[in-house]
Asks: 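Following this message is one structure expressed as structure tokens.
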Amino acid sequence: MKSLPSYGHVRDLAARSGSVRPDDDFSIVWEVPSAAWTHLNSIKVAISGAKNLILASDPDREGEAIAWHIVEMLQQQDALRQDLMVARVVFHEITETSIKNALQAPRGIDVNLVHAYLARRALDYLIGFNISPLLWRKLPGCQSAGRVQSAALSLLCDREMEIDEFKPQEYWTIGAKLKKREQDSLVNAHLTHFDSKKLNQFSISSDTEAKSMEQKINSADFQVVGSRKTKTHRNPPTPYITSTLQQDAANKLDFATSYTMKVAQKLYEGVQLSDGKATGLITYLRTDGLHISDEAVGNIRSLIIERYGQDFASKGPRKYFRKVKNAQEAHEAIRPTNIQILPSMLVGVLDEDSLKLYTLIWSRTVACQMEPVTIELVQVDIGNAGKSIVFRSSCSRVEFPGYQAVYEDVKAGAVRYKESDALDRQEAFGILDSLKTGDSLYLGEADMKQHFTEPSPRYSEGSLVKKLEELGIGRPSTYASTLKVLKDRNYMTVKNRALHPEFRGRMVSAFLSHHFTEVTDYSFTADMENELDNVSAGLTEWKGLLRDYWTRFQSYCSRTESVHIHQVEKMLEKTYERFLFGSLPDKSRTCPSCMEGTLIFKVSRFGAGYFIGCDQHPNCKYIAKTLYGDDEKEETPQSSSVDEPKLLGVHPTSNEKVLLKNGPYGYYVQLGEDRKGSAPKRSSVSHIKDVDAITNEVALNLLRYPLTLGEHPKDGYPVMIKLGKGGYTVKHRRTMASVPKNLKPEKITMEKALELLSGKNVSHSGRPKSKLKVEEAVEAM
């Protein structure tokens with residue numbers, strides 16, 4: 001048997017407008033990347049003398065689609081002989097047993113899963129390739145919007161709006177330290193009742209109230225007025241699914257969601273163990289299922305009994321089911337393929353991060369088949385004679401560790417107290433447990449504390465994934481890519497693990513919420529996932545689903561097309577008024593330069609710039625605050641007003657003036673005067689230190705750029721030479737290469753430009769540096 005990789009998808013949607021055609025019954029235009037032809041030809045050669053073609057791609061929609069694409073492409077090339085048997089097999093772990101079992105149960109390609117894949121790809125394409133151009137025109141510099149990405153961004157921006165509008169509320173708490181005798185240890189307690197009234201969070205709202213209550217407390221005598229002891233159980237955690245693994249890895253290991261998936265993929269693909277065999281260490285990593293096979297449960301329970309004792313194993317096998325409407329195809333939970341491979345056995349075999357993640361998965365899998373933790377709680381009420389003032393003190397201790405025992409074996413994800421904490425807890429528990437009703441207690445001191453309510457915290461990667469999962473938005477395979485896209489688009493940044501939406505992202509979210517309500521509506525996005533699941537189950541016809549959505553979506557696009565950019569500016573100004581103008585010294589927004597105009601939010605006509613300036617432009621050119629410039633970062637203008645332009649000369653053929661001007665981003669040269677309706681040609685001269693030395697000849701040379709050299713031989717898109725703050729660059733679509741200092745730009749030919757673009761020192765504007773994929777262009781999620 002010969003095994004060949006497909007290296008993912010062998011074809012994908014063509015990355016251009018019109019690749020999904022609603023008017024032609026949603027026909028799809030596919031393209032095959034050049035590298036994929038090599039893989040397809042290898043498969044074609046391999047099956048020329050074979051009897052069977054077994055397709056064993058991943059056990060999910062994407063995997064089913066890859067298998068389907070391969071068969072489709074081979075059929076188009078007449079490579080599938082009539083006597084060649086084509087079979088699809090799936091397995092959830094790369095182990096010898098699992099693969100053998102899969103080979104004994106071949107099936108055909110599941111067309112329902114393929115249709116669900118096609119519906120998702122077409123839907124995301126239609127959204128991406130119709131909204132994105134509108135964004136470019138209405139909000140220059142805002143690159144794209146996708147279905148799941150937009151819902152996630154909306155969550156971040158809604159939370160940021162809550163934080164912006166939050167008004168803290170003051171409240172006070174009163175605690176006390178009490179003891180039975182002079183030499184006894186102090187017991188900590190908090191006030192629960194005063195004047196025979198039960199207190200809530202805001203019952204004590206000022207310093208005056210707190211001090212008045214403190215005086216009465218200090219003059220009172222206290223005794224134990226009640227006590228009780230109870231037991232509670234803390235159940236073991238469920239096995240990991242993709243989202244909960246991402247959450248725990250983020251919270252406990254500080255892994256980004258995309259990095260968690262990268263490390264998990266390595267564990268799934270496997271390593272060479274000491275016995276010389278290569279084996280996968282965990283089951284398939286993209287799953288919504290909580291199920292664990294009976295054989296695996298039996299092995300886990302055997303390990304628990306052997307390692308921790310019979311009392312630690314659950315009374316019977318624990319079965320977990322996912323009771324949500326959006327559970328994907330029935331895959332197992334993420335677990336080790338062999339529970340007998342302890343984390344300690346992989347030290348030196350796995351890299352540090354892989355070992356941490358494997359340990360997290362191993363511990364959770366063992367824990368899910370163990371007994372609950374038994375916790376003993378003692379609670380004592382301490383009051384004055386009439387019980388008009390009551391304090392409460394409580395403490396707990398672990399009576400039986402249950403599943404916590406497994407975490408004592410490992411460092412990653414350990415759930416245990418430090419030894420000193422445990423001793424303090426035991427001592428406090430013993431003191432409270434010894435108190436009896438009627439025992440007199442002496443007040444050591446009362447402790448008043450001032451507090452202020454705080455807004456809901458910003459999402460972390462883990463908490464955002466949890467929220468998306470709760471709302472039914474997205475799928476296991478989409479969460480990591482969703483967050484990655486938001487970062488790559490500069491829609492959000494991560495600061496101390498908190499996700500902060502950038503103003504660029506907030507503008508996009510507001511624009512979509514205002515003009516494309518369904519795209520950012522949480523229930524709609526979740527319902528769409530439901531419909532895609534129904535397609536997977538064969539309950540919904542995929543083209544009918546697309547047709548229904550496209551009818552509504554088209555109307556949104558048509559209405560938004562006619563929206564003027566000034567309407568967008570006014571909408572954003574109203575939505576983010578506090579953010580935009582709250583820090584300005586003059587709350588009336590009067591222009592401090594001309595004293596007649598009003599400061600307003602503006603979208604620059606000359607690029608991806610957003611600023612707060614005077615509404616009397618061009619008579620008043622005052623700029624109070626610049627939000628984004630060419631480098632997509634918030635900037636402070638070099639000057640709040642613009643210098644008078646300097647006439648350098650005239651263009652030899654058009655006789656237009658050549659001007660040297662100073663703007664919020666520095667000096668530039670301009671051909672012609674400012675005029676309404678179209679922007680004059682401009683070029684930055686920030687790379688020239690001595691601006692006084694700029695002559696008409698130098699300016700005319702700079703104004704030649706951007707200069708188009710011609711069309712790229714592979715795709716027909718223009719290859720250009722551009723001039724920016726850092727000097728000259730060669731650009732093709734989103735790929736850019738710097739021109740070496742020793743190479744004059746006028747000497748660059750098309751051949752030289754292609755050589756620079758294929759070199760090592762290239763970058764991609766607005767994209768990650770990895771190979772661009774169609775999914776990134778249309779935000780396929």
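Values in this document were obtained by computation on a predicted structure and should not be read as measured data.
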Asks: If only side-chain N and O atoms count, and only distance matters, is there a donor-acceptor pair under 3.5 Å linking Thr374 with Glu399?
Replies: no

Asks: Residues two or more places apart in sequence or in another chain: which of them pass ring pair (Phe, Tyr, Trp, His ring centres under 6.0 Å) with Phe255?
Replies: Tyr259

Asks: Could you pull out all residues at least two apart from Asp158 that satisfy salt bridge (Lys or Arg N to Asp or Glu O under 4.0 Å)?
Replies: none

Asks: Return each pair, listed once, that meets side-chain hydrogen bond (donor to acceptor under 3.5 Å, both in side chains) where at least one residue sits in residues 192-202; pairs must be two or more places apart or across chains.
Replies: Asn200-Ser203

Asks: Residues in side-chain hydrogen bond (donor to acceptor under 3.5 Å, both in side chains) with Thr453, at least two apart?
Replies: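 side-chain hydrogen bond (donor to acceptor under 3.5 Å, both in side chains) check on Thr453 returns nothing, list empty.
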
Asks: Please say whether more than 12 non-hydrogen atoms of neighbouring residues, nucleotides or ligands are located less than 6.0 Å from NZ in Lys487.
Replies: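 Above 12, so yes.
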
Asks: Is the cationic atom of Arg506 (NZ for Lys, CZ for Arg) positioned less than 6.0 Å from the six-membered ring centroid of Phe579 and within 45 degrees of its normal?
Replies: yes

Asks: With the side chain counted from C-beta on, respond yes when Met528 and Ile473 share a heavy-atom pair under 4.5 Å apart, and no when they do not.
Replies: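 The answer is no, as the side chains (C-beta and beyond) never meet within the 4.5 Å cut-off.
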
Asks: For Tyr491 and Ser509, test the side chains for any donor-to-acceptor distance below 3.5 angstrom and give the result as yes or no.
Replies: no

Asks: State, yes or no, whether a side-chain contact exists between Val148 and Tyr479 at a heavy-atom distance under 4.5 Å.
Replies: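 No, their side chains stay 4.5 Å or more apart.
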
Asks: Hydrogens and angles aside, do Thr257 and Thr260 bring a side-chain donor and acceptor to less than 3.5 Å of each other?
Replies: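 Checked: Thr257/Thr260 side chains show no N/O donor-acceptor pair below 3.5 Å.
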
Asks: Considering only NZ, NE, NH1 and NH2 on the basic side and carboxylate oxygens on the acidic side, decide whether Asp381 and Arg392 come within less than 4.0 Å.
Replies: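 A salt bridge links Asp381 with Arg392.
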
Asks: I'd like to check the side-chain hydrogen bond (donor to acceptor under 3.5 Å, both in side chains) partners of Glu577; sequence neighbours left out, ordered by chain and number.
Replies: Arg589

Asks: Nearest 0.5 Å, please: how far is CG in Asn251 from NZ in Lys466?
Replies: 9.0 Å

Asks: Other residues, nucleotides and ligands only: do more than 12 of their heavy atoms fall within 6.0 Å of CD on Glu352?
Replies: no

Asks: Quick one, Phe400 with Glu371, criterion side-chain contact (heavy atoms from CB on, under 4.5 Å). Give me CA distance, side-chain angles, the key distance, then yes/no.
Replies: CA-CA 9 Å; Phe400 176 68; Glu371 278 289 283; 3.9 Å; yes

Asks: To the nearest 0.5 Å, tell me how far Leu360 CG sits from Tyr407 OH.
Replies: 7.5 Å

Asks: If you measure only the distance, is there a donor-acceptor pair under 3.5 Å linking the side chains of Tyr240 and Thr365?
Replies: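 No, no side-chain donor-acceptor contact under 3.5 Å.
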
Asks: With no hydrogens and no angle check, just 3.5 Å: does a side-chain donor-acceptor pair link Asp521 and Thr525?
Replies: no

Asks: Would you indicate whether Glu596, at its atom CD, is surrounded by more than 12 heavy atoms from other residues, nucleotides or ligands within a distance under 6.0 Å?
Replies: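 It does not: Glu596 CD has 12 such atoms or fewer within range.
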
Asks: Over 60° means perpendicular and under 30° means parallel, so classify the ring planes of Phe222 and Phe391, tilted if in between.
Replies: perpendicular

Asks: Suppose we screen for side-chain contact (heavy atoms from CB on, under 4.5 Å). Which residues come up paired with Leu435, at least two apart in sequence or across chains?
Replies: Lys180, Val224, Val380, Leu432, Asp439, Leu441

Asks: Can you confirm whether more than 12 heavy atoms, excluding those of Lys138, are under 6.0 Å from its NZ atom?
Replies: yes

Asks: So, does Arg497 use its side chain to make a donor-acceptor pair with the main chain of Ala250 at under 3.5 Å?
Replies: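 Such a contact is found between Arg497 side chain and Ala250 backbone.
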
Asks: Pick one: which of Asp447, Thr173, Leu199, Val390 meets side-chain contact (heavy atoms from CB on, under 4.5 Å) with Leu191?
Replies: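 Going through the options one by one, the only one that passes is Leu199.
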
Asks: Got a sec, which residues hit salt bridge (Lys or Arg N to Asp or Glu O under 4.0 Å) with Asp248, two or more places apart in sequence or on another chain?
Replies: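 Asp248: salt bridge (Lys or Arg N to Asp or Glu O under 4.0 Å) contacts with Lys252, Arg364.
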
Asks: Suppose we screen for salt bridge (Lys or Arg N to Asp or Glu O under 4.0 Å). Which residues come up paired with Lys229, at least two apart in sequence or across chains?
Replies: Glu376, Asp433

Asks: Among side-chain atoms of Glu461 and Gln246, is any donor-acceptor pair under 3.5 angstrom?
Replies: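 No, no side-chain donor-acceptor pair sits under 3.5 Å.
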
Asks: Rounded to the nearest 0.5 Å, how far apart are CG of Leu443 and CG of Leu186?
Replies: 10.0 Å

Asks: Only one of Asp615, Ile600, Leu599 clears side-chain contact (heavy atoms from CB on, under 4.5 Å) with Cys591; which?
Replies: Leu599

Asks: Taking the side chain as every heavy atom from C-beta outward, state whether Leu464 and Leu483 have any pair of such atoms under 4.5 Å apart.
Replies: yes

Asks: Quiz question: by atom type and distance under 3.5 Å, do the side chains of Thr493 and Glu502 form a donor-acceptor pair?
Replies: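 Note: Thr493 and Glu502 side chains meet the donor-acceptor criterion.
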
Asks: Taking ring pair (Phe, Tyr, Trp, His ring centres under 6.0 Å) as the cut-off, I'd like each qualifying pair that reaches into residues 146-177, sequence neighbours left out, listed once.
Replies: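 For residues 146-177, and leaving out neighbouring residues, the ring pair (Phe, Tyr, Trp, His ring centres under 6.0 Å) pairs sorted by first residue read Tyr171-Phe202, Tyr171-His451.
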
Asks: Does some side-chain heavy atom of Glu529 sit less than 4.5 Å from a side-chain heavy atom of Arg147?
Replies: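 In contact.
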
Asks: Can you name the residues that form a side-chain hydrogen bond (donor to acceptor under 3.5 Å, both in side chains) with Ser258, not counting sequence neighbours?
Replies: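 Per chain and number, Ser258 pairs via side-chain hydrogen bond (donor to acceptor under 3.5 Å, both in side chains) with no residue.
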
Asks: Indicate yes or no: at least one non-hydrogen side-chain atom of Arg228 is less than 4.5 angstrom from one of Thr230.
Replies: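 Heavy-atom side-chain distance check passes, below 4.5 Å.
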
Asks: Quick one: are Ile174 and Lys449 in side-chain contact, heavy atoms under 4.5 Å?
Replies: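 They are not in side-chain contact.
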
Asks: When rounded to the nearest 0.5 angstrom, what is the spacing between CZ in Phe503 and CE in Met507?
Replies: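 Going from the CZ atom of Phe503 to the CE atom of Met507 covers 5.0 Å.
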
Asks: Please list, chain by chain and in numerical order, all residues satisfying side-chain hydrogen bond (donor to acceptor under 3.5 Å, both in side chains) with Glu214, sequence neighbours excluded.
Replies: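 Testing Glu214 for side-chain hydrogen bond (donor to acceptor under 3.5 Å, both in side chains), a comparison that skips the adjacent residues, returns none.
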
Asks: State, yes or no, whether a side-chain contact exists between Ile612 and Ile623 at a heavy-atom distance under 4.5 Å.
Replies: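 Ile612 vs Ile623: side chains apart.
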
Asks: Are the side chains of Thr359 and Leu355 in touch, meaning some heavy atoms are under 4.5 Å apart?
Replies: yes

Asks: Considering residues at least two apart in sequence or located in another chain, which fulfil the salt bridge (Lys or Arg N to Asp or Glu O under 4.0 Å) criterion with Glu162?
Replies: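 Listed in chain order: Arg159.
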
